[in-house]
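Report on one structure; see the data block that follows.
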Amino acid sequence: MDKTYKPSALEQAWYQQWEQKGYFSPYQDGLNGPGYSIMIPPPNVTGSLHMGHAFQHTLQDALTRYKRMDGHKALWQVGTDHAGIATQMVVERKLAAEGQPDRHAMGRDTFIDKVWEWKEHSGGTITSQMRRLGNSVDWDTERFTMDDGFYKAVQEVFIRLYNDGLIYRGKRLVNWDPKLRTAISDVEVENHDKKGHMWHLRYPLADGAQTQDGKDYIVVATTRPETMLGDTGVAVNPEDPRYQHLIGKEVLLPLVDRRIPIVADEHADMEKGTGCVKITPAHDFNDYEVGKRNQLPMINILTFSADIRDEAQTFNSDGSVNDDISGFIPEKYRGMERFAARKAIVADLEEQGLVDSIKDHELSVPIGDRGGVVIEPMLTDQWYVDAKTMAKPAIEAVENGDIQFVPKSYENMYFSWMRDIQDWCISRQLWWGHRIPAWYDEEGNVYVGHDEAEVRSNNQLADDVELIQDEDVLDTWFSSALWTFGTLGWPNVDDPEVAQRLADFHPTDVLVTGFDIIFFWVARMAMMTMHFIKDENGKPQVPFKTVYVTGLIRDEVGEKMSKTRGNVLDPLDMIDGISLDELLAKRTGNMMQPKLAEKIAKRTQKEFPEGISPHGTDALRFTLAAMASTGRDINWDMKRLEGYRNFCNKLWNASRYVMLSVAGEEAVEKAAADGTPIDVTDDMKAACGANGEPGVLSLADRWIISRLQRAENEVRRHLDQYRFDMAAQALYEFIWNEYCDWYLELSKPVLWDQNASEEEKRGTRGTLVRVLEATLRLAHPIIPFITESIWQQVKELAGKADAGDTIMLADYPVAQPELMDAEAEADIAWLQGVITAVRNIRGEQNIPPSKPLELLFKNGDDDDFRRAEENQNFLMKLAKLEKLTWLNDGDEEPMSVTQLVGNMEVLIPMAGFIDKDAEVTRLNKSIEKLGKELERVNNKLGNPGFTDKAPAAVIDKEKEKAAGFERDIVKLKEQIEKIKAL
RNA sequence: AGGACUAUAGCUCAGUUGGUUAGAGCGCUACCUUGACAUGGUAGAGGUCCCCAGUUCAAAUCUGGGUAGUCCUACCA
């Protein structure tokens with residue numbers, strides 16, 4: 001064993017072994033418990049893992065390893081998502097950069113081939129990152145949302161939903177991304193606040209009509225003046241006295257000179273603006289509804305790129321083509337980009353005196369989450385899922401607790417969306433994705449089926465009827481909604497293997513994911529799964545019993561990590577380290593704007609002047625676990641990572657000490673020099689009592705064994721409750737503050753004592769090794785590599801030669817109540833009190849730690865006598881004493897400095913050496929502190945309300961406290977007097 | 001506009017059903033190269049638990065109001 005912990009030397013080798021030996025499989029010897037499963041949220045295949053992934057993966061892996069060690073058939077299902085829009089964009093951009101023809105030029109099939117090529121290349125990034133993170137995923141069943149099996153599942157789901165009447169096609173207004181030229185669903189639209197303008201436009205009244213105040217025009221307000229080319233009406237509120245006489249009259253739409261009616265509709269708000277609203281049903285969601293209610297025609301003035309059309313398309317309010325009305329568009333606007341057209345139209349209206357006013361206006365603009373441009377409501381034919389119907393059981397599942405959110409407050413988010421859900425537009429005008437299994441004949445009739453042949457035979461279509469498959473693909477989230485059961489082999493439920501997997505692993509136990517995809521994914525998985533997967537009683541199965549919602553990983557000042565901010569961190573850089581130059585290149589490479597790159601470079605230099613030093617996977621994982629308090633965003637802190645790297649080093653060195661104590665210096669040094677595990681001999685085993693050789697346990701041994709049981713209980717409890725932070729803290733505390741700080745030190749007086757018997761030494765060596773061995777198993781789910789690495793060396797010494805070849809499959813520790821030892825714990829607490837008291841005096845009085853001291857005890861009770869007697873060895877060594885004596889009543893008391901341990905006084909004679917001022921100050925400070933506490937407690941006890949109503953136990957506790965404070969104060973005051981009298 | 005979440009040490013955060021002398025890590029101060037570890041050890045300093053009111057014998061914790069911040073949803077003619 002090396003002197004310092006070097007994670008890079010061991011991590012990758014262990015992972016390879018684990019994977020090769022098949023330890024990640026849920027089906028292997030020793031896993032006889034029930035199934036336990038976690039489905040990984042499939043990362044985008046073209047991407048790479050960021051800190052958020054590392055965080056979520058750590059938690060999933062910790063749970064999986066915990067359950068696997070507990071004997072469950074634990075499956076962590078791995079896979080990636082084809083991410084339609086994102087992937088297609090990436091590949092298109094890459095083709096452009098390489099000067100290759102664009103996708104339209106190369107054709108659909110060729111382009112798809114290119115995407116697959118890219119996927120082969122890019123998919124490896126993610127899987128190799130996952131291996132570095134130590135993820136114990138079942139690689140043998142890795143899935144991809146576009147693989148053959150998934151393709152079948154998606155097709156099957158589409159067809160069945162269509163046949164069930166839950167999927168339909170219709171012409172409606174959808175959110176249209178003019179850059180990507182595809183429809184998107186409402187959840188893919190982000191609303192951004194922006195400063196804009198409100199234009200008040202004058203629409204002249206036709207046929208000489210006038211407003212109440214004698215004007216020959218009415219004023220409408222709009223934030224999108226260019227859409228006026230498609231206006232087909234003006235709405236006023238039916239109750240509005242100002243305009244009632246105008247209902248049914250017409251206005252003459254400027255620029256296009258179209259007569260459009262004034263209609264009464266509640267959508268018009270009397271309080272807002274002028275009370276008159278222009279109605280453009282083809283370009284606004286509200287207007288679309290108003291148009292339908294009032295049978296206004298729809299005029300689409302925009303192309304799919306959101307430019308002004310040469311001639312508008314005209315429809316009736318039911319979506320059918322209307323050839324009667326004119327689609328005329330003035331020549332000068334034809335082909336104009338939408339925002340250019342806005343300027344031109346406003347200018348022309350101004351020229352005609354038709355602009356009443358222009359006001360600044362704060363508005364929120366809909367932006368496509370992928371394309372980043374303003375979304376345009378667009379009238380198109382699309383496929384929809386009847387989400388309202390499908391949401392019902394999914395809502396009930398959360399209401400009745402079949403699905404539980406952790407933290408619970410995310411239920412609100414889920415409910416509020418699900419109870420007001422809109423039908424889900426699932427068709428996308430893309431090439432990369434699951435092509436919609438629908439065919440059209442020349443009359444436009446729709447046939448849905450697995451393939452063309454099936455469609456023909458099912459519908460008795462003759463061979464000469466021409467059929468064309470729908471060009472569109474499905475929303476990526478449509479396929480990922482099937483993730484929990486699609487990955488298990490559905491729909492091939494007749495295959496016994498698939499049936500078994502579904503029985504073992506569905507519903508899954510927990511989904512670990514971010515709150516940002518509750519709508520996109522979690523809700524839709526619930527809907528789809530409950531419709532398709534039923535248990536043996538026909539009851540819909542939920543996809544997961546628990547949804548553990550994580551917060552976001554932010555940077556050290558709480559900003560979201562993003563490429564444009566230049567504050568992203570690659571988890572592998574935390575693990576392996578990275579030089580400043582490389583980090584700069586990584587962060588500023590591929591930057592479009594040089595100015596931004598400069599800013600990012602500056603920030604990076606300031607933040608990481610030396611680059612990043614290597615910390616290892618275990619430290620990274622421990623940090624992420626320790627920071628995972630429920631549902632809170634995490635501000636990433638390199639200091640924290642460093643601290644937990646030190647923790648790993650501590651564990652490493654503690655183990656080194658154990659091995660040195662047990663195997664001897666020679667064996668340990670030799671192994672370190674050769675880089676091999678320590679060669680464990682029979683003698684070493686015998687020295688630890690690995691074969692049941694007799695040993696005697698010291699008080700410290702009994703104590704640490706007892707504390708270990710507590711730690712085991714605690715860590716289990718916290719893991720069961722998804723409190724990874726508390727589990728990590730319990731481990732940290734036990735390993736560092738108890739095992740290392742106290743127990744290892746307490747082992748030395750035994751092991752280094754020439755007078756100690758072999759049985760005593762064996763008892764202590766055995767305890768060192770056994771407690772370490774159990775601790776490693778306890779910590780393994782969070783820090784898999786270091787624990788495996790050390791465990792391999794200690795398992796035999798701990799008498800666990802038959803525990804198997806890997807810690808991954810060793811038993812997870814279970815506390816044994818009979819090993820809890822309250823007396824040992826109380827005794828050691830006393831010992832710690834005395835030792836700390838002595839150290840404290842040393843500190844205050846500037847006595848060097850190397851100087852041996854004489855110690856006097858006074859006022860002890862039976863326990864104090866016994867403890868002092870039994871632990872003399874420990875006391876002498878740890879407090880560095882040369883002499884320890886009891887003062888009896890009436891004994892002459894030498895000039896001393898005092899500390900209190902319970903009732904007992906600990907005195908260090910310091911004739912002539914006392915720093916009087918320092919001591920008096922210290923004592924006064926203690927008295928003052930105690931005095932305040934005493935006052936507080938006495939106030940409480942003097943309050944009849946308290947003494948009458950509080951539980952007796954609480955009152956007794958307060959009384960005890962008061963007595964204790966009083967006693968201590970008296971003693972400290974006496975002490976001051978003595979010192980002053982010097 | 002509606003809703004959710006957050007506010008505790010210089011920083012990052014714990015604090016379960018009201019009763020703790022309010023904790024941890026990092027940072028800070030002093031001392032220490034003692035035979036696992038300086039990625040270390042020992043001992044310290046450091047808090048108006050955001051503000052105000054209320055409930056209660058008792059509030060960091062429960063209720064109401066306010067302030068500040070984060071986020072979500074909706075709307076914005």
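Below, each value reflects all heavy atoms present in this structure, side chains not excepted, and no hydrogens, waters or symmetry copies. Note that the coordinates shown come from a computational prediction; the quantities given were computed from them, not determined experimentally. Proteins come first, then strands; the chains are lettered A, B, ... in the order of their sequence lines, and each starts at number 1.
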Touch class at under 4.0 angstrom, heavy-atom based, for A/Lys278 against every strand present: nothing
All pairs passing side-chain hydrogen bond (donor to acceptor under 3.5 Å, both in side chains) where residues 639-652 of chain A contributes a residue, at least two apart: A/Arg640-A/Tyr644, A/Asn649-A/Asn653
Summary of side-chain hydrogen bond (donor to acceptor under 3.5 Å, both in side chains) pairs that have at least one residue in residues 260-273 of chain A, sequence neighbours excluded: A/Asp265-A/Arg293, A/Asp265-A/Asn294
For A/Asp516, all residues meeting salt bridge (charged side-chain N to carboxylate O under 4.0 Å, His left out), sequence neighbours excluded: none
Under the 3.5 Å Watson-Crick or G-U criterion, the dot-bracket string of RNA chain B, with | for inter-strand pairs: (((((((..((((.....[...)))).(((((.......))))).....(((((..]....))))))))))))....
Side chain to side chain contact (heavy atoms under 4.5 Å, CB included) partners of A/Pro261, counting only residues at least two apart: A/Val263, A/Leu296
Sequence neighbours excluded - ring pair (Phe, Tyr, Trp, His ring centres under 6.0 Å) pairs with any residue from residues 268-289 of chain A: none
From B/A36, B/G25, B/C72, nucleotide with atom closest to A/Tyr657 side chain: B/A36
Nearest listed nucleotide, side chain of A/Arg645, among B/G40, B/C75, B/U39: B/U39
Scan the side chains in residues 950-960 of chain A for donor-acceptor partners under 3.5 Å anywhere in the protein, sequence neighbours excluded, and list what turns up.
{"from": "A/Glu958", "atom 1": "OE2", "to": "A/Lys961", "atom 2": "NZ", "distance (Å)": "3.1"}

Set out, line by line, the N/O atom pairs under 3.5 Å between protein and nucleotides 68-71 of chain B.
none

Side-chain N,O (A/Asn943) to OP1/OP2 (B/A58) below 4.0 Å: no
Under-4.0 Å side-chain N/O to phosphate OP1/OP2 contact, A/Asn840 with B/G44: yes
Contact state string [nucleotides 16-22 of chain B, B base, S sugar-phosphate only, - no protein heavy atom under 4.0 Å]: ---BSS-
Residue pair A/Phe946, A/Asn939: steps toward the side chain to side chain contact (heavy atoms under 4.5 Å, CB included) verdict: CA-CA 10 Å; A/Phe946 175 72; A/Asn939 282 344; over 6 Å; no
Pairing residues for A/Phe405 by the ring pair (Phe, Tyr, Trp, His ring centres under 6.0 Å) criterion, not counting sequence neighbours: A/Tyr414
Any residue of residues 729-738 of chain A with a heavy atom less than 4.0 Å from an atom of RNA chain B: A/Tyr732, A/Trp736
Within residues 742-749 of chain A, residues whose heavy atoms come under 4.0 Å of RNA chain B: A/Leu744, A/Glu745, A/Lys748
B/G3 and B/G54, which share atom name P, separated by this distance in whole Å: 26 Å
C1'-based separation of B/C51 from B/U67 [nearest Å]: 7 Å
